[in-house]
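The next block holds one structure in the form of structure tokens; read it before the comments.
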Amino acid sequence: MTTPNLSFMRETIDLSRRNIREGKGGPFAALVVKGNTVIARGTNLVTSTNDPTAHAEIVAIREACRAIGSFQLTDCVLYTSCEPCPMCLGAIYWARPKAVFFANTRGDAASIGFDDEFLYRELTVPLSGRKIPITQLMRNEAFDVFREWEKMESKIRY
């Protein structure tokens, strides 16, 4: 188990405060730490970049992966100012850091208008019952590409 470093969480919280004061986006920030060094910082840039995926954790993960030249953050720790939403949680699991520490809860975020609970619930609803229609098309043709990739000797698994 990784021991949390409170100074990294304080820096994360300060970064989230700077982000809203500078008008860049929502009150969210994240740090990726390797060893005892911050290798990436991210803030919520959704509204300033018109990018719904520009959550603090995603921004920090992208920067960290570029910094270390890998798509995995195995030896890293993520500090985030709020419990990750489902999108960020998925990215975190794909990046595989060794630990995540967060400050505010998703309930705290909901209390100020960032209600991720809808997304958590929506993931449990069958495709046919979701708010945005999701329909499968052309599976056989698409699965041919999966078969081709599966046979490739040069593929990099992740």
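By convention here, the first residue in the shown sequence is residue 1.
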Over all heavy atoms of both residues, which pair between [X] and [Y] is shortest? Give the atoms and the distance, please.
X	Y	result
Val59	Gly42	CG1-CA, 3.8 Å
Ser16	Ser81	CB-OG, 4.0 Å
Pro86	Leu119	CG-CB, 3.8 Å
Gly25	Ile20	O-CG2, 3.5 Å
Ala40	Ala60	CB-O, 3.4 Å
Asp51	Arg62	OD2-NH1, 4.2 Å

Separation of [Y] [atom2] from [X] [atom1] (nearest 0.5 Å):
X	Y	atom1	atom2	result
Cys85	Ile92	SG	CD1	8.5 Å
Lys155	Glu150	NZ	CD	6.5 Å
Ile134	Gln136	CD1	CD	11.5 Å
Leu89	Thr80	CG	OG1	11.0 Å
Thr135	Arg130	OG1	CZ	11.5 Å
Glu83	Cys88	CD	SG	11.5 Å

Side chains of [X] and [Y] in contact at under 4.5 Å (non-hydrogen atoms):
X	Y	answer
Phe101	Thr12	no
Ile58	Met87	yes
Pro84	Leu78	no
Thr43	Leu15	yes
Tyr93	Val100	no
Leu45	Asn19	yes
Phe28	His55	no
Asn5	Tyr79	yes

Should we count CD of Glu148 as having more than 12 external heavy atoms under 6.0 Å? no

Is Met152 atom CE crowded by more than 12 heavy atoms from other residues, nucleotides or ligands, each under 6.0 Å away? yes

Would you say Val38 ends up clustered with Val32 if hydrophobic residues are merged whenever their side chains have heavy atoms under 4.5 Å apart, either directly or through other cluster members?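 No, it is not one cluster - the side chains of Val32 and Val38 are not joined through contacts under 4.5 Å.
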
Count I, L, V, M, F, W, Y as connected when their side-chain heavy atoms are under 4.5 Å apart, and connections chain through other members. Are Met9 and Val33 then in the same cluster?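 Yes; Val33 is reachable from Met9 via cluster members.
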
Taking [Y]'s backbone N and O only, do any of them form a donor-acceptor pair with [X]'s side chain (distance below 3.5 Å, no angle check)?
X	Y	value
Arg96	Trp94	yes
Glu122	Lys131	yes
Ser48	Lys24	yes

NZ/NE/NH1/NH2 to OD/OE distance under 4.0 Å, Glu117 and Arg106: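 Answer for the salt bridge query: yes.
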
With Asn50 via side chain to side chain donor-acceptor pair (under 3.5 Å) - residues at least two apart: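 Side chain to side chain donor-acceptor pair (under 3.5 Å) check on Asn50 returns nothing, list empty.
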
Candidate pair Thr105 and Asp108, rule side chain to side chain donor-acceptor pair (under 3.5 Å), full reasoning: CA-CA 5 Å; Thr105 67; Asp108 298 332; 3.2 Å; yes

